[in-house]
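Notes follow once the structure below has been shown.
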Amino acid sequence: MEQPLTKLFDQQVGNLDQAHVNLLYWSAMAEDRKMRYNITNAFDDLKYLQHTRTKQAVYAYIEALRVCCLLEIREEGNKKNLYITEYGARALETLVNQGYTLQPSHFLGG
Amino acid sequence: MLIGIGGAGSKLSSTFDGGSNVVINISEAELNKAKAAQRILAVVHSGRGKREGAKKNPEIGKTAFISIKDQLEDMVRGNTVITSTGGGTGMGITWKVLESIAQKDDVPEEEKTTFILVLPYADREPSEYVDNTIQFISQPVSWAIDSGNTGNVFLVSNKEKFVNRMTEAEFNGLIARRFNAFFQIPAKCEEHASLEGHIDREDFSLYLSKPYFNYFVDFDYEHKKPLDEQLASNTNRLMLEPDTPLEAMFLLEVPNHADERMFYDVLDHFESRNVVPIYAVVRNPNLQVPHLTLSLLYARKPHDLVNDFIRISEKRTRDKIRKSIEQHGTFGPKKVNLEQEAMKEAMKAGKKEDEVISVLKRIGKL
């Protein structure tokens, strides 16, 4: 059973693109800095980097990561904050090793 | 003929009585607004085409003078030029007029030009106006007066306008009324019965052709009061204060049944100052009390005059410098989170890939 799951994980990760990598990366960085990174921040950052211009698209990126259990959305005080899961961390590790660049977040300041 | 140069000069010239007026401007729109018998457009071009104003820059006015040089030099002979000394058009063009007058060998008395110069109120008007005025008085006005080729120069100050919070139209009207009263001296002498002395048009124009500053005043004359006191209480606030007079002229209008011999008191006043005025005493039946119109010619060095302006200009510059120094004061302390700064620096310096793995480990996700 272990083998097919690893294959599924690789397939899921293989379908992610730069916007997903950014979201995983920024969520991890925010958590590390004890900051809260929410969907609006994600929208602002992705818009700033010209990945998209619509909030729907950002929500779709986040939703894809959530259903794959790579990202967790927690409702904290009227805000939907993003937290990377352990699977997400492994996915990010894999993606970084594959050579994805880590783009800076405007909100996190670098 | 009155020649109004520039915006202020044009507006003022149209408020004066008597004879036709000519207005000169760089801006066609401003020129068309002015009431005038004749309008002259001085043309000056920039890289973008014809200019529509002088931007308070007298250099533009000086360049514009070239386009009307011959016409204007002919026109000013024996006439009066009125302009402000602060702006670009009037001051720039008049600068060149004065310069050309100063360079002439000799100008016959009947061809001398009288100048009415409106000076800015240094305390309230922009520093460009004050600086332009300093340049203007210390250079062309000074050259022209020293050459002896100019007629009377009237120095009008804008101060009263600001002190009494007058509208421009009111102020221009006031200047025009005071000047009209002065310029009517020969006409009054013709109109009313002459009692003593005589000032005809020729005498008046000879007086105007003298290269001095002219200060004049008119007030109801009180026979019993010394003239010194009357002059002190009836100053012409529109003009700069006069220096010691060199020459003088007065017209005393006396009502019916008044004793005209009171003019001897005026003569006594001037005798003590070694000045022999030209004068006329006429009977004006329309008056209830005697009325005196008095003009003094004085030769204050333009240098002294400029000093007043320089003093104010320097004070203003000092204030500006002080203000700019205050603006460059110290900034308040900036709160810096050293941990965050170190992290940012590490991010810039180190490899991001390694860093993100360590971050993931640190937050317990790997």
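Lettering of chains follows the sequences in order, A, B, ..., and the numbering in each one begins at 1.
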Quiz prompt | Separation of B:Ile357 CD1 from A:Glu93 CD (nearest 0.5 Å) | solution = 4.5 Å

Quiz item: Near A:Tyr59 OH, under 6.0 Å, is it more than 12 heavy atoms from other residues, nucleotides or ligands?
Solution: no

Practice problem: Using the side chain to side chain contact (heavy atoms under 4.5 Å, CB included) rule, take A:Arg90 and B:Lys365 through it: C-alpha gap first, then chi angles, then the decisive distance, then the call. | Solution: CA-CA 8 Å; A:Arg90 272 169 59 194; B:Lys365 302 291 167 78; over 6 Å; no

Quiz item: Looking at B:Leu360 and A:Ala89, what are the two nearest heavy atoms and their distance?
Solution: CD1-O, 3.5 Å

Quiz prompt | Pairs involving residues 78-103 of chain A, ordered by first then second residue, that meet ring pair (Phe, Tyr, Trp, His ring centres under 6.0 Å) (sequence neighbours left out) | solution = none

Exercise. Among B:Leu366, B:Val359, B:Val356, find the one that has a side-chain contact (heavy atoms from CB on, under 4.5 Å) with A:Leu92.
Key: B:Val356

Exercise. Verify the neighbour count for atom CZ of A:Arg74: are there more than 12 heavy atoms of other residues, nucleotides or ligands below 6.0 Å?
Key: yes

Quiz item: With respect to chain B, which residue among A:Asn97, A:Thr101, A:Leu102 yields the maximal number of heavy-atom pairs within a distance under 4.5 Å?
Solution: A:Leu102

Self-check item: Residues, nucleotides or ligands: over 12 heavy atoms within 6.0 Å of A:Arg36 CZ
Solution: no

Practice problem: Counting only heavy atoms closer than 4.5 Å, note whether A:Thr85 contacts chain B via side chain, backbone, both or neither. | Solution: backbone

